[in-house]
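Atoms within each ligand, like the ligands themselves, are counted from 1 in listed order. Residues take their numbers from the sequence shown, with the count starting at 1. Atom set for the values below is all heavy atoms of this structure, side chains included, hydrogens, waters and symmetry mates excluded.
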Amino acid sequence: MERVSDSIIIIGAGWAGIAAAEALLSQGIEPKRILLLERTPYPGGRAFSFVDRETGLALDNGQHVLLGCCDRFASLLQSLHVRSGYRLQPLLDIPVYHGGKMYRIASRRLAGPLHLLPALLTYGHLSASERMSAIAGALAFVRPQAEKLDAVSFASWLQTSGQADTTVRLLWDLVGTAILNGHADQISAGLAAQSFHMGFMRGWQPARLGLFTRPLGDLARDAVQHLAARGVNIRYSSYVEQLHLEANKVSGVHLRDGSLIAAEQVISAVPHDALLRMLPEGWADQEPFQGIAKLRWSPILNVFLNYDRVVLNEDVFAATDFDGMFVFNRGRLLPESEQAGRWLSVSISAADRFRDWTHEQIISGVHAALCKACPEVRNAKLLTGKVVWQPKATFLAEPGTWHLRPYPRTPIAGLLLAGDWTRTDWPACLEGAVRSGEAAAAALLRR
Ligand SMILES: Cc1cc2nc3c(=O)[nH]c(=O)nc-3n(C[C@H](O)[C@H](O)[C@H](O)COP(=O)(O)OP(=O)(O)OC[C@H]3O[C@@H](n4cnc5c(N)ncnc54)[C@H](O)[C@@H]3O)c2cc1C
């Protein structure tokens, strides 16, 4: 058995695991005590990049965005000296296309929820009375009662608060699905209210949209290289098969290659279903693990399209086709690319409905939808289309999931939990992952 005295194993080099390692270091834990084990040959977890063989371009597994309120993620990049990887819009500004018309969801430099008032008053996809009830509905997010609202779906809560079907489809569901990766009728009103509160009710700065300007995988690689340079042990292609327990206390991990590595404490920073697979027999029936088994996955569909000419000058827009899609000017966002305006990345969240579609159907459907929104696309030739399915993109924040998401401490002594799916008050996202890693490290140190 391998043994480093008083060692801490972190399982998973996604952003939760990276954040946990950095939080331990910043609290004075000696780097050589920390061992980060990762199943794949690269870090970053569900935020990874790959090089497209056909074009040689670096693509992400899915277009990621941030908001200005994602302050722990920003601070982690800074602590790990990761070269600036994204830029925030000066003010939130998203053009929304529907039925051949475009209106913007855009902030003004105003405090609190007021920064969005002018946009809601002029959001022409809704009638005047729908806009008024949208404003009244938004006020409920100023002080959301997130836990109380968790039992009902966002859709039924919107209906009770007088939102018309059109308002749900062209405003709340469009934005909510992108944030929570679930449609209004699938997701908890509690987590939706909490997310709208944190992102949009606290002023123009938290609401600024953050757009990545480097491939996601490069950011994770830089972050982990910095941890390694400080002396943290990192092992890739190391699949943890099972936790090793002695008298209800974790004392190491079994790797798939048959080896056993001893540890005093373990932070699990893997997805919820991966954690359940690592539990020794007899634990899956106990709380919180029994509850975790009820969490389900929700898919995200990404479509990359390459045109023979510039078809888009904006960085991003939304359209109501495909139950809501967000279109990013990938070529322009990655400054080193010569593909500005020609390489588009289209993100469709909660994409269950398209599961049985062929790649050809998806590409031609998205291309046809883009033709409606961007006149330039109609005259352009589509050179390449690529579909990236992420069936296990995030957990589905269904009603009732608030209490299924566990805190870092577990009934297994020495085992702490991190991951975007743990209890952070955030939806499944990079910021939630980072916060969960920091919370697990803090809980470990409190012991
Ligand atoms: C297509 C897509 C689009 C998204 N869009 C956004 C967005 O716009 N904004 C946003 O903030 N978030 C977005 N997300 C969500 C975001 O990527 C995740 O919330 C975040 O990356 C989760 O980080 P994590 O560290 O909790 O988990 P993960 O990234 O899943 O990391 C877990 C790590 O554990 C490793 N692992 C698993 N099992 C084992 C094992 N047995 N042994 C060793 N290692 C193991 C995995 O390989 C992985 O590296 C998106 C996700 C996807 C897939």
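- Ser79 places a side-chain N or O within donor-acceptor distance of the main-chain N or O of Ser75, the cut-off being under 3.5 Å.
- One finds no salt bridge joining Arg83 and Asp218 here, because no Lys/Arg side-chain nitrogen approaches an Asp/Glu carboxylate oxygen to under 4.0 Å.
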Trace of the side chain to side chain donor-acceptor pair (under 3.5 Å) decision for Trp15 with Asp420: CA-CA 9 Å; Trp15 284 100; Asp420 62 351; over 6 Å; no

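- Under 4.0 angstrom from ligand 1, the non-hydrogen atoms of Arg39 come from both its backbone and its side chain.
- Proximity of Gly437 to ligand 1 is not established, as no heavy-atom distance is less than 4.0 Å.
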Check: residues 428-441 side-chain donor-acceptor pairs under 3.5 Å, at least two apart:
unit_1	atom_1	unit_2	atom_2	d
Glu431	OE1	Arg72	N	3.3
Glu431	OE1	Phe73	N	2.9
Glu431	OE2	Asp71	N	3.4
Glu431	OE2	Arg72	N	3.0
Glu431	OE2	Arg435	NE	2.7
Glu431	OE2	Arg435	NH2	3.1
Arg435	NH2	Asp71	OD1	2.7
Ser436	OG	Gly419	N	2.8
Ser436	OG	Gly419	O	3.3
Ser436	OG	Ala433	O	2.6
Glu438	OE1	Arg72	NE	3.0
Glu438	OE2	Arg72	NE	3.4
Glu438	OE2	Arg72	NH2	3.3

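- Phe200 and Phe141 have their aromatic ring centers separated by at least 6.0 angstrom.
- With distances taken over non-hydrogen atoms, the option nearest atom 42 (N) of ligand 1 out of Val240, Leu275, Thr40 is Val240.
- Checking Asp185 against Ser153 by side-chain atom types alone, no donor-acceptor pair falls below 3.5 Å.
- Annotation: cation-pi pair Arg39/Tyr239 absent, no NZ/CZ under 6.0 Å from the ring centroid and within 45° of its normal.
- Two residues are said to be in side-chain contact when any heavy atoms from C-beta on lie closer than 4.5 Å; Leu191 and Thr401 fail this criterion.
- Nearest protein heavy-atom contact of atom 36 (N) of ligand 1 is Val270 CG1, 3.6 Å.
- Atoms of ligand 1 found under 4.0 Å from any heavy atom of Ser238 (numbered from 1 in listed order, with element): 42 (N), 43 (C).
- For atom 32 (C) of ligand 1, the candidate residues are Gly419, Ala269, Cys429; the nearest heavy-atom contact is made by Ala269.
- Checked by atom type, the side-chain pair Asn306/Gln339 shows a donor-acceptor distance below 3.5 Å.
- The part of Gln63 lying near ligand 1 is the backbone, judged by heavy-atom distances below 4.0 Å.
- Atom 30 (O) of ligand 1 has its closest protein heavy atom at Arg46 NE, 2.7 Å.
- Using a 4.0 Å cut-off between charged nitrogen and carboxylate oxygen, Glu30 and Arg230 do not count as a salt-bridge pair.
- Near Gly62, meaning under 4.0 Å from any of its heavy atoms, are these atoms of ligand 1: 1 (C).
- Neither the backbone nor the side chain of Ser436 comes within contact range of ligand 1; no heavy atom lies under 4.0 Å.
- Under a 4.0 Å N-O distance rule, the pair Arg235/Glu38 does not qualify as a salt bridge.
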Verdict with reasoning, Leu344 to Val303, per side chain to side chain contact (heavy atoms under 4.5 Å, CB included): CA-CA 8 Å; Leu344 308 187; Val303 186; over 6 Å; no

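- Counting heavy atoms closer than 4.0 Å to ligand 1, residue Asp420 contributes atoms from both its backbone and its side chain.
- Protein heavy atom at the shortest distance from atom 8 (O) of ligand 1 is Val65 N, 2.7 Å.
- The shortest contact between atom 23 (O) of ligand 1 and any protein heavy atom is with Ala433 CB, 3.5 Å.
- Distance from atom 34 (O) of ligand 1 to its nearest protein heavy atom, with residue and atom name: Gly12 CA, 3.2 Å.
- For the 3.5 Å distance criterion, the side chains of Asn329 and Trp343 fail to qualify, holding no donor opposite an acceptor.
- Not a single donor-acceptor pair under 3.5 Å links the side chain of His244 to the backbone N or O of Gln242.
- For atom 31 (O) of ligand 1, the closest heavy atom belonging to the protein is Gly14 CA, 3.5 Å.
- The nearest non-hydrogen atom to atom 52 (C) of ligand 1, considering only Glu38, His64, Arg235, comes from His64.
- Between Arg277 and ligand 1 there is no heavy-atom distance shorter than 4.0 Å.
- Between Ala16 and ligand 1, a contact under 3.5 Å exists for at least one N or O pair.
- When each atom of ligand 1 is checked for a heavy atom of Ala274 under 4.0 Å away, the hits are 38 (N).
- The shortest N or O to N or O distance between Tyr239 and ligand 1 is not under 3.5 Å.
- From the protein, the heavy atom lying nearest to atom 2 (C) of ligand 1 is Ile300 CD1, 3.6 Å.
- Here is the list of ligand 1 atoms found below 4.0 Å of a heavy atom in Ala428: 19 (O).
- When only non-hydrogen protein atoms are considered, atom 11 (O) of ligand 1 lies nearest to Leu430 N, 2.8 Å.
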